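Before any comments, here is the structure.
Predicted model, so just to flag it, every value in this text is computed and none were measured.
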Amino acid sequence: MRLRKSDLKGQRGRRLMNSGTGNWRKLYPAVASRYTTAHGFRYHYLDQTMSSSAPVVLCVHGNPTWSFFYRAVVNRFTATHRIVAVDHLGCGLSEKPPRNRFTYSLANHRDNLIQLVDELDLRNVTLLAHDWGGAIGLATAIARVDRMSGIVLMNTAAFPPPYVPWRIGVLRTPWLGPAAIRGLNAFAAPALRMAMDRQQLDRVVADGLIYPYRSWADRVGVDGFVRDIPLTRRHPTFAVLEQLEQDLCRLNHLPRKLIWGMKDWCFREECLDRFRQHWPDASVTKLANVGHYVIEDDPEATLNEIAEFLYREQA
């Protein structure tokens with residue numbers, strides 16, 4: 001399990017950064033790093049800092065985004081923090097193994113992230129997570145609680161789903177769901193519109209968000225996340241989420257902040273209320289007229305809330 005770094009100067013790196021449409025690459029930090037997971041696959045992440053001793057912000061994305069989602073965090077906070085933004089296997093610039101070679105499950109995504117934290121020896125870590133990244137990141141934080149210094153969550157969950165929106169439920173239909181997600185791009189592409197409420201995505205930003213998911217093979221991880229939503233107790237991820245919810249109390253000693261887009265049809269206010277039942281002392285910011293892609297829909301307000309949290313001891 002050796003750590004491998006790359007600055008994308010190789011043939012494969014040039015192909016990744018120079019193909020596709022639009023000018024999104026100008027918005028995305030060019031320096032990339034990779035390590036090899038325990039399963040033998042290439043796991044991509046950004047690691048940006050001005051000082052090796054800086055406190056860490058660990059940015060964990062959901063479905064169907066990738067580390068590009070956190071580009072503004074990199075740009076704003078690199079001067080004072082070490083920003084590590086990951087791409088889960090099957091997502092972003094990480095390898096996208098077929099389902100017969102890798103099981104796209106919450107437990108495996110968690111284990112890959114734990115391995116990265118250990119490989120990089122990350123300490124004094126603030127978790128910044130969204131969507132599925134909340135469950136993956138929080139499970140990692142609980143496993144490595146001695147390395148954590150804070151938690152910031154945006155529209156996510158860490159418990160079995162209290163409901164499943166019909167738009168997602170229909171994509172769980174056998175045969176039809178995978179054909180729609182992987183063949184018609186019926187998850188990642190509609191999200192560019194449906195995950196926003198306050199404004200429309202800029203075309204260049206939309207190109208960047210959708211870039212890693214251009215073909216049937218590219219969308220294996222997107223489909224994997226949808227398949228991993230536990231609709232019944234028989235699903236193996238149900239027990240993982242149930243245990244995660246029980247373990248949230250192990251993070252009670254950490255400062256915690258919840259930033260919520262109130263027009264999100266997926267992670268609705270019920271999810272925020274569920275977190276507040278466990279963490280009644282957590283700081284909460286509700287952003288009206290903001291959809292699921294919180295940091296895209298209102299970047300100024302979201303970044304200001306993150307800054308207030310990160311610099312709270314200096315205030």
Side-chain angles (χ1 to χ4, degrees), residues 3-8 12-13 15-17 19-20 22-37 41-49 56-78 81-96 104 109-110 112-117 119-120 122 125-137 140 152-156 188 191-192 195 201 204-214 218-222 224-225 292-296 299 302-303 306:
L3 187 68
R4 183 170 65 184
K5 285 188 172 271
S6 165
D7 62 0
L8 291 179
R12 182 175 182 275
R15 184 167 66 250
L16 283 169
M17 298 303 289
S19 60
N23 297 312
W24 66 268
R25 294 177 300 278
K26 296 178 181 178
L27 304 178
Y28 186 70
V31 178
S33 303
R34 290 182 178 85
Y35 86 96
T36 302
T37 70
F41 300 113
R42 294 183 301 276
Y43 186 105
H44 170 269
Y45 62 95
L46 294 176
D47 188 354
Q48 307 281 108
T49 186
V56 177
V57 179
L58 178 60
C59 304
V60 188
H61 71 85
N63 187 38
T65 55
W66 57 295
S67 55
F68 182 81
F69 186 73
Y70 291 109
R71 65 198 180 280
V73 174
V74 174
N75 292 335
R76 178 153 176 178
F77 299 112
T78 298
H81 289 73
R82 179 182 180 183
I83 312 299
V84 177
V86 304
D87 289 342
H88 306 301
L89 284 188
C91 303
L93 304 184
S94 286
E95 194 167 353
K96 300 177 176 63
Y104 288 92
H109 288 307
R110 172 204 62 202
N112 288 338
L113 186 58
I114 290 173
Q115 183 184 342
L116 177 67
V117 169
E119 293 267 13
L120 298 181
L122 299 181
V125 176
T126 294
L127 171 68
L128 175 60
H130 172 254
D131 190 272
W132 270 102
I136 297 167
T140 299
V152 180
L153 302 179
M154 301 176 289
N155 291 62
T156 183
L192 299 174
L201 282 171
V204 175
V205 172
D207 285 347
L209 287 170
I210 203 72
Y211 169 77
Y213 310 117
R214 303 186 306 282
D218 286 342
R219 298 169 196 144
V220 62
V222 176
F225 270 114
H292 180 58
Y293 283 178
V294 186
I295 202 168
E296 301 287 2
T302 306
L303 290 169
I306 295 170

For residues [X] and [Y], report the shortest heavy-atom separation together with the two atoms involved.
| X | Y | result |
| --- | --- | --- |
| Val57 | His81 | CG2-CD2, 3.8 Å |
| Pro29 | Val74 | CG-CG1, 3.7 Å |
| Gly208 | Pro212 | O-CD, 3.8 Å |
| Leu89 | Tyr104 | O-CE2, 3.4 Å |
| Ser67 | His44 | OG-CE1, 4.1 Å |
| Thr156 | Gly134 | OG1-CA, 3.1 Å |

[X] side chain near [Y] side chain, heavy-atom distance below 4.5 Å:
| X | Y | value |
| --- | --- | --- |
| Val117 | Val125 | no |
| His88 | Asn112 | no |
| His61 | Asp131 | no |
| Ile306 | Phe77 | yes |
| Val86 | Ile136 | no |
| Val205 | Arg71 | yes |
| Thr65 | Tyr70 | no |

Separation between [atom1] of [X] and [atom2] of [Y], rounded to the nearest 0.5 Å:
| X | Y | atom1 | atom2 | answer |
| --- | --- | --- | --- | --- |
| Asp207 | Asn23 | CG | CG | 8.5 Å |
| Ile114 | Thr140 | CD1 | OG1 | 4.5 Å |
| Cys91 | His109 | SG | NE2 | 6.0 Å |
| Tyr45 | Tyr35 | OH | OH | 9.0 Å |

Inset, instruction - Specify whether Trp24 and Tyr211 have parallel, tilted or perpendicular ring planes, treating 30° as the upper limit for parallel and 60° as the lower limit for perpendicular. - result: tilted
Legend entry - Arg76: side chain to side chain contact (heavy atoms under 4.5 Å, CB included) partners, not counting sequence neighbours: Leu303, Asn304, Ala307
Legend entry - Partner set under side chain to side chain contact (heavy atoms under 4.5 Å, CB included) for Ala188, not counting sequence neighbours: Pro64, Asn185, Ile210, Tyr213
Legend entry - Main-chain N/O of Val222 paired to Asn63 side chain as donor or acceptor, under 3.5 Å: yes
Inset, instruction - Look at the side chain of Ser94 and the backbone N and O of Gly90, then say whether any donor-acceptor pair between them is shorter than 3.5 Å. - result: no
Legend entry - Step-by-step side-chain contact (heavy atoms from CB on, under 4.5 Å) determination, Phe69 to Met154: CA-CA 12 Å; Phe69 186 73; Met154 301 176 289; 4.2 Å; yes
Inset, instruction - Let me know which of Leu153, Val73, Val60 forms a side chain to side chain contact (heavy atoms under 4.5 Å, CB included) with Leu128. - result: Val73
Inset, instruction - Report the residue from Ile83, Leu46, Ile295 that forms a side chain to side chain contact (heavy atoms under 4.5 Å, CB included) with Cys59. - result: Ile83
Legend entry - Stepwise side-chain contact (heavy atoms from CB on, under 4.5 Å) test for Asp87 and Phe68: CA-CA 9 Å; Asp87 289 342; Phe68 182 81; over 6 Å; no
Legend entry - Worked check of side-chain contact (heavy atoms from CB on, under 4.5 Å) between Thr37 and Glu95: CA-CA 10 Å; Thr37 70; Glu95 194 167 353; over 6 Å; no
